[in-house]
There are 2 protein chains.
Amino acid sequence: MTTTLVPVFAALGDETRWSILAALGEGDASASALAGRLPVTRQAIAKHLAVLQDVGLVEPIRVGREVRYRVIGSQLSDTAHRLDAIGAEWDRRLAAIKEIAEGL
Amino acid sequence: MTTTLVPVFAALGDETRWSILAALGEGDASASALAGRLPVTRQAIAKHLAVLQDVGLVEPIRVGREVRYRVIGSQLSDTAHRLDAIGAEWDRRLAAIKEIAEGL
DNA sequence: CTTGTCTGCAACTTCATGGTTGCAGATTAA
DNA sequence: TTAATCTGCAACCATGAAGTTGCAGACAAG
């Protein structure tokens, strides 16, 4: 699953979403359960979970009549590695430009 | 410089900003120069550059009467490493929870 | 069967943001 | 000094996103 990188960053660029991820770090939870712990409505949380699910950061698990969500840590790591690769590429390129600029 | 992580992601969560970064990858450039290459106004680019500068992804360099911008690749790498650390932490925690759930 | 609880959909408000145009202030070049 | 060009600021528009309330449907428990 090669998720496009930019939407993942957009998803990670929201504080509320991070607090949801943090809360899910304590263990899987449903939107209703999360609403008890966070200062936002259940529906707001549901939307955020949809966003997180779209970019593959979270996965839904049906348990009876409720839907628990689980963080997919590997997606975090994957995103990190791809970003790191880009950063390295940039350093490489900038170094090359620097050499040219210095007349080497 | 310990930039807060979330705004950096928010900055990276925009396609136009990435095309600006990509264009800057070819070498330092001013907002006006970038406006020639990208399908948006100079002022729009100026705003994006301000956002990128705020989170430390880019740095301004005065050259005569113009202001060139340069990508700071290390900030990309730094962000990547911090994200990776979080991802690893998540895996660790989830593994712990899994063990508990399996009654170990 | 009825009741409580959980999900899902829809409409609506508010506010941030990406984008625009227009103009004034520097500053280099001629 | 004058003209050309670049930056910076301000106002403005439009869209999208975060958040809310309200309601209907599903399903487990009593």
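The chains referred to below are lettered A, B, ... by the order of the sequence lines, with proteins before strands, and numbering in each begins at 1.
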Subject >> Of B:Arg62 and A:Tyr69, the one whose closest DNA chain C nucleotide lies more 5' >> reply: A:Tyr69
**OP:** In whole angstrom, give the distance that lies between atom CD1 of B:Ile45 and atom P of C:dT21.
**Re:** 13 Å
**OP:** To the nearest Å, give me how far apart CG (B:Leu38) and C1' (C:dG18) are.
**Re:** 14 Å
Original post:
Can you tell me how far the NZ atom of B:Lys47 sits from the OG1 atom of B:Thr41, to the nearest 0.5 Å?
Top reply: 9.5 Å
Subject >> Any A:His48 side-chain N or O less than 4.0 Å from OP1/OP2 of D:dG19 >> reply: yes
Subject >> For B:Ile72, all residues meeting side-chain contact (heavy atoms from CB on, under 4.5 Å), sequence neighbours excluded >> reply: B:Glu59, B:Ser74, B:Gln75
Subject >> Sequence-distant partners of B:Arg42, side-chain contact (heavy atoms from CB on, under 4.5 Å), two or more places apart >> reply: B:Ala31, B:Ser32, B:Ala35
**OP:** Just grab all the ring pair (Phe, Tyr, Trp, His ring centres under 6.0 Å) pairs involving residues 47-87 of chain B, residues at least two apart or on different chains.
**Re:** none
**OP:** Would you mind listing the cluster partners of A:Val63? Hydrophobic ones only (ILVMFWY), side-chain contacts under 4.5 Å, chaining allowed.
**Re:** A:Ile61
Subject >> Connected hydrophobic set around B:Val51, excluding itself, where side chains approach under 4.5 Å >> reply: none
Original post:
Taking only residues two or more places apart in sequence, or in another chain, which ones meet A:Arg70 in a salt bridge (Lys or Arg N to Asp or Glu O under 4.0 Å)?
Top reply: A:Asp28
Subject >> Nucleic acid contacts of residues 13-21 of chain B, taken as heavy-atom distances under 4.0 Å to DNA chain C >> reply: B:Asp14, B:Thr16, B:Arg17
**OP:** Check the distance between C:dG18's P and B:Leu34's CG and give it to me in whole angstrom.
**Re:** 16 Å
Original post:
Taking OP1 and OP2 of C:dG19, is either one under 4.0 Å from a side-chain nitrogen or oxygen of B:Thr41?
Top reply: no
Subject >> Set of residues satisfying salt bridge (Lys or Arg N to Asp or Glu O under 4.0 Å) with respect to B:Arg17, sequence neighbours excluded >> reply: none
What's touching nucleotides 1-6 of chain D from the protein side, N or O pairs under 3.5 Å?
from	atom 1	to	atom 2	distance (Å)
D:dT5	O2	B:Arg65	NH1	3.2

Subject >> Presence of donor-acceptor pair under 3.5 Å, side chain of A:Gln43 and base of D:dG22 >> reply: yes
